[in-house]
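First listed ligand is number 1; within each ligand, the first listed atom is number 1.
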Amino acid sequence: MRLRDLGDDFTWGVATAAYQIEGSPDADGKGPSIWDTFTHKKDWRGKTPVQDGTTGDVATDSYRRYPQDIALIADLGFDAYRFSVAWSRIQPTGSGKVNQAGLDYYRRLVDTCLEAGVEPWLTLFHWDLPQGLQDTGGWTNRETAHRFADYTQIMAEALGDVVQHWMLFNEPLNIVISGHLVGAFAPGKRSFPAYFASLHHVNLATGWGSRALRATLPDADIGTTQYLTPPIGSGFGPLADLAARSADAVLNRAFVEPIIGMGYPWEEAGILKGVKAYMRDGDVEEMTADLDFLGIQYYTRLRAPFLPIPGLWTVPQFGGGGGGAETTSLGWEIMPEGLGMVIDAMNAYGKFPRLVVTEGGASFDDVLADGRVHDPRRIAYYEDHIAQVADARARGVPVDGYFAWSLLDNFEWALGLVPRFGLVYTDYATQERIIKDSGYWFAEQLGGTARP
Ligand code: FCB
C-alpha cells in the first residue's frame, strides 16, 4: 500500500494536545487549568494521581520549541498539524477579559505552520478547562457551556482568517466518564450526578460552540471528535448481546447521537435517564451541532462484560482490553478491524458530511540505541489501521483524513511520561527529538525529506 494512493484530497496529519506538550504553565499570563491542579494534587501518602508522579509542567517544552516541532512535521511529509489551544492562555480564568499574549502565541504557531506548508487543524478543547471555571462547578455547571461558546467566538474572531479547520471537543467520553465518574482524569470527580451533568453540558456546548463558529466563519470546516469503540460483549448468548448494546449506548451513542439531533439513547441503557434532571425544554435542538465532519478517534476495542453499569470500567486506561489478543505496551488490544467498524457505524447515521480519523496510534516500549529507535510494531499498527481507512474509502465512505497520535512522545495524562506514542522519540533529559523508524516510514511514504 502507498499512502498517497488514497488521493490528493486525503489529508495526512499528526496530532498533539496543549497540556501534553506545551509546558510553560504560567508563561505570558496563562491561568491554571484543571490539569495543572490535578497533577499537583497529593494524597496523604504524598502520591499524585499520575502513575509516575510527573506533571505537564515541562512536558516536551513545545510552548517554546514549536518552530522545531513544526519543522519536523514538514520534514516528515505531513500535510496537517492538529494541535489544541489551552483555553486558560486565552482567558486565564475561563471567562471575561482576553489575554492578548495568549492569542498572539497561537497566531505565531499558526503562521509558522502556514510558512512550512502545514495546514493548521485547531482543537478548541482538549481537556484543560480553566481552573477558574472548575471553581464554579466546571462541566457540572450549565454556565460552563455558555463560557465555552464565548471562548469559541473569541478564537473564531482572532484566528478565523488563518485557520480553516476547527474541532470543538476532543473525546467528550474522557472528559465525562474518566473525569467525572471514574475520577482518573481531571477534575477527578467520582459521582453519578457529576457524570450526568457533565455529559449533558458538554453535549450542549458542542451545539452552541458549533453555531458560534458558523456564525462568525460561515465557510470554516467545522468538526468535533469522539472516542469510539466497537463494543463486543464478552460471554455468550443474549447476555453478551445485551452487554454490547448497553455499552454501545453508554460509550458511543450517548456522545454521538445528541449532537446529531437524536437525543439520548436511554431505551438501550436506562442509566442514561439520569441526564433528564439536567435537561431543559428545547435542549435536544440546542445540542444538535452544525458540523462538516466527525473526527473519529480509535485505539482499541473495549470489552464489555454484562454488569449493572455496563461498560464503565472497560475503558482501557483502567484495565479493559486484553483477553489474549496482541496488545500495546499499555495492554490495549490491537484490533484494526475495529476502526473499519466504527467508521461504518458513524457513516450509517447519514448525518456527517465527512469523516476524518483525527487520532490513532500505539504506545510501545521504544528503546533509543545509537541514535535510532526501531519500532516495527508501530509501523505495522499504522499499516493495518490505514488499510481499514483505504477499504472504507473503496466502499464509498467519505473519510478523507488520517492523523497519527502523536508527533512526539509526550505527557500521557494519568499515565505520565512512561507511555511513548510518538513518531518522534523525546529524550526528556535534553528535550532532543529523535525520529523513530515509524517517522521515517511516514516520510518515505508521504514524500517528506527526513531520512535516517
Ligand atoms: C486519546 C487522547 C490523546 C492521547 C491518546 C493516547 O484518548 O485524545 O490525548 O492521550 O488517547
Which ligand 1 atoms are under 4.0 Å away from a heavy-atom of [X]?
X	answer
Phe421	6 (C)
Trp413	3 (C), 4 (C), 9 (O), 10 (O)
Gln297	8 (O)
Asn170	8 (O)
Gln20	3 (C), 4 (C), 9 (O), 10 (O)
Asn174	7 (O)

Among residues at least two apart in sequence or on other chains, which ones pass salt bridge (charged side-chain N to carboxylate O under 4.0 Å, His left out) with Glu268?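 Listed in chain order: Arg245.
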Residues that Tyr63 engages under ring pair (Phe, Tyr, Trp, His ring centres under 6.0 Å), provided they are two or more places apart: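 Counting only residues at least two positions away or on another chain, Tyr63 forms a ring pair (Phe, Tyr, Trp, His ring centres under 6.0 Å) with Tyr105.
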Are Ile386 and Val357 side-chain neighbours, meaning at least one heavy-atom pair lies under 4.5 Å?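 Side-chain contact under 4.5 Å: no.
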Taking distance alone, with N or O pairs closer than 3.5 Å, would you say Trp127 contacts ligand 1?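 No, since none of the N or O atoms of Trp127 sits under 3.5 Å from an N or O of ligand 1.
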Would you say Trp405 and ligand 1 have an N/O pair spaced under 3.5 Å apart?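 By distance alone, the answer is no.
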Would the number of heavy atoms belonging to other residues, nucleotides or ligands and lying under 6.0 Å from NZ of Lys47 be above 12?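 No, the 6.0 Å shell around NZ holds no more than 12 heavy atoms from other groups.
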Within a radius of less than 6.0 Å around CZ of Arg108, do more than 12 heavy atoms belonging to other residues, nucleotides or ligands occur?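 Counting other residues, nucleotides and ligands, CZ of Arg108 exceeds 12 neighbours.
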Would you mind checking if Lys436 and Asp375 are paired as a salt bridge, meaning a charged N to carboxylate O distance below 4.0 Å?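 A salt bridge is absent here (no side-chain N lies under 4.0 Å from a carboxylate O).
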